[in-house]
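Everything on this sheet refers to the single structure shown next.
Quick caveat, the model's predicted, so the values are computed rather than measured.
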Amino acid sequence: MSASVTQHTEATAPSAAIPAPRRSRTAPIVMGVIGLVLFAVPFVGATIPGVFTGPMSSPGTLQILAVGLVFAGVAMSYDLLLGYTGLLSLGHAFYFALGLYGTNLLMRLFALSYVAAVPLALVITLVVALVFGSVALRVRGVAFAMVTLAFAEAFHVFVEADPARISGGEEGLPLSSAQVPDLFTGVVNTRWVYWLALTFALITFVICRQAVASRAGRVWQAIRENEDRVELLGLIPFHFKLLSFGLSAVLAAGGGAVYLLLVRGATPGSASSVFTLNLIIMVVLGGLGRLWGAALGGLVFGYLQLRLPGLARSGVFDPLPAWLEGPLTEPLFILAVLFVILVMFAPGGLASLPDRLGLRRSEP
Amino acid sequence: MMSDRSVQGHDHHGGGQAPAQTASLLRVRDLHVHRGEAHILHGLDFEVAPNQVTALLGRNGVGKTTTLLALLGLLPAAGLVELDGDDLADLPTHHRVQRGLSYVPEDREVFTQLSVEENLRLAMQWPGSTDRLPMVHDLFPELKARAAQKAGSLSGGQQQMLALGRALLHPSKLMLIDEPTKGLAPIIITEVVAALARATEDSTVLLVEQNLRVAEELATDAIVIDEGQVAWRGPMEQLLGDPALKQSLLGVGRSRSADEEGSA
Amino acid sequence: MSLQVFVLLSVTGLGLAGVYFLIASGLSLIFGLMDVLNLAHGLFFTVGSYATWWVMSRFDVIGSLGLRFAVALLVAAAMGWAVGWATERLFVRRFYGDHVTQILITLGISLAGVALIGGWFSYDPRTFPLPELFGQVVVIAGARIPVSRLLILAVSVVLLVALLTFLRRTRHGLIIRAGVENRQMVQAMGIDVAKSFTLVFALGGLLAAIGGVLGAVFFAGITPEFGLNVLIFAFIVVVIGGLGSVEGTALSAVLVGLTQQFVNFFAGAGVGDLTVVVLLAATLLLRPQGLLGEVAR
């Protein structure tokens, strides 16, 4: 019972930004319905004016939606880390980029087809994640954040400076379409890439949900709340944290592999810390610890990122004074401001809004 | 026996006598403290009389340090805490200290990266501090001699002197001192106790001590905590003069361990 | 390696170290005192850079570029102080004790700031005229050193000394140093540490902004993401040097700056940066408290 002045403050309450886990029975049903609706989109000829420039089935619209879906999946993978396990990794973009660059490089260097390169890239990502994770997880909190940031930045610098002359440097590395199945090449086949992205998002959702509901998932949440107590229960937090780290990395890499088909190349920007920070925004926007919230955050982010410049060009923002118009065409600005507002006033993110507005009874 | 421990009743006064003076400096009523899921203090009631040293005693882990932390506002607590008529509840720590509390923590907590002189200087923001410095140097000549030395390189006993000196520079109404002899060699303990006795001659002190011999030497009255409540209070000599009482409240008497009972 | 090359690389490396130190010192103090990982610190830096660009390109009313640069320094410092002050007062302070939210808020502010600056001034790299003096060359040990490099070094050293003096000779500095070590005990001595929080943020903002001025001189062009890119190295410097220790930060800034310069020169661009990351990993594995700091919490 010898508590020093500093010691007693260690048992602080969990962050207000991370709400208690929700176990909703309606969520899978809702997701299933949404999944079907999304699946049907390429068949819909109708237009949603203002929101999209072309009919829903047009390649342009599908492209935007597909990017949103990829981000949704990657955001969910990040939610596993941050929302459920409480690990503030500032280097998640690294694994996304590994999927992106890895698949591309494997295709180019070893003349593999896309279908063969992807699983290999995922395996490589897993190995890398486990190795780096083992080092990074030796420390906690802020130090962990900084280590993950440093590792990611190292990779970013590596692909950008390209000392080995393989990554294409600042320009990036284009996709060699020859090795990609015909199904996915060409603008006319955007719908197939769209469906691939949708599949990725749905699979990721299912995997994440299963993981979170499993025993490991419960331990993750216990670690997030109070890691020391988990140790007292006889469990080894390190193993669980590493599991979370590895799984989320592989899922993110999967997103990278799909993204490769969407943007037809790999650029260093995908490995930048800015992207990780964007991921944090996506996940917090949607609500930490709520998978579908993270997915929603990713979708919204992807949409805004691709749509806003077009909106600006169309003159929607012209009535606004110049100093306001500039920032508003930056999707990042809108999102960041939204993010700050949400963090300050609705810590549970967008997903908590139904609760906050009294539309849904909170579950224990 | 009048001070039967089972008499804890609904009036929370347990056994023993209430302090003689009616104007107490510190009044605590119904103090509750939770730490995590544990309910450590279940409605503590006690008073501290002015101008004397009152010892806060009890078995290990019973909540003595917790009580001090709660008084300072360093732990969330519910209940009344009144210092010289001032209601301290809801005040942040630094305000409570400004209202007249000074603190010598368990483990001293001197600023190891700062010099001895800087440690003291940090404490000298009060009117009257400058006047008190010579007294502190007088009491603890080591501090004057080692003024430029980094506090982290001081011995345990010297750090204790520094922590005490630091608190003394604050002309406070009530000093809260937590286990000042903890971890010190017997020779040093003697020194520290002598210094404490001189230092607290004209002060009001609430002293948490595990070492009964030290408590006996310094304190007039005693308050004993057991099971989250005040189990006994009264004059120190009455408590120590009663082996059965001592045993039941403090768990000492049958076997002697070196640091719990120093008397021959 | 000839002496000239050595001298040139050293001076450049030290100049870079100076820039890193200016950002890292504030970051280190903020973390040491408040346990806040201030991701908005890069923004303070960028503000300084853009303030410089703005004054140097737009203030034609001041004919002398040298004078204009002095004005730019002052403007940057003032803006850095103001933004730092505002960040703490309006945002960080509301979440005292909630570290995750504080990090997230500073993150949001950082990105909003980047986007705001990008929206106003575009993402294209900006350059600006420099006083003629900066381009002149001083010959040291046979090496041709631009005056600008020496100036960066000089300003950094002056600020290092000023910061240390502030910390060691003033009461505010004393409180900050004690608070970095044990915030609760300072409170228990009747001192309101929260007042120091704002001071530390404002000071950090000022230092980072001046770092931004020097950084703008050091690097070719400035972009809105400039601060973020440098911030990463600043973090590395902070962790290697030890959270909360200004002296440690200075030491590690020198280590990082020199390593980057030398290794980049001899092994190719980018390799030096990688080496610095390896240094970070090594520090975390072997000596988590950094060179001179407390244990990384």
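Looking only at side-chain heavy atoms (C-beta outward), C/Phe44 and C/Phe201 come within less than 4.5 Å of each other.
The choice from C/Leu39, C/Asn229, C/Leu107 that makes the most heavy-atom pairs within less than 4.5 Å of chain A is C/Leu107. Heavy-atom pairs under 4.5 Å with chain A were tallied for C/Leu274, C/Leu116, C/Val278; the largest tally goes to C/Leu116. Interface remark: of the candidates A/Glu160, A/His156, A/Arg138, A/Arg138 forms the most heavy-atom pairs closer than 4.5 Å to chain C. In terms of heavy-atom pairs under 4.5 angstrom with chain C, the leader among A/Val147, A/Leu88, A/Ile281, A/Asn278 is A/Val147.
Interface remark: C/Leu280 contributes side-chain atoms only to the contact with chain A (heavy atom separation under 4.5 Å). Looking at C/Phe95, only its side chain comes within 4.5 Å of chain A, counting heavy atoms on both sides. Both the backbone and the side chain of C/Leu111 come within less than 4.5 Å of a heavy atom in chain A. Proximity to chain A (any heavy atom under 4.5 Å) is restricted, for C/Ile103, to the side chain, taken from C-beta onward.
Using modelled atom types and a 3.5 Å distance limit, the side chains of C/Thr198 and C/Arg93 yield a donor-acceptor pair.
Between A/Phe155 and A/Phe94, the two ring planes are tilted [angle within 30° to 60°].
Note that the CG atom of A/Leu87 and the CZ atom of A/Arg224 stand 11.0 Å from one another [nearest 0.5 Å]. Distance check, rounded to the nearest 0.5 Å: OH of A/Tyr78 to NE2 of A/His92 gives 7.5 Å. We find the CD1-CG distance between C/Ile30 and C/Asn38 to be 4.5 Å, quoted to the nearest 0.5 Å.
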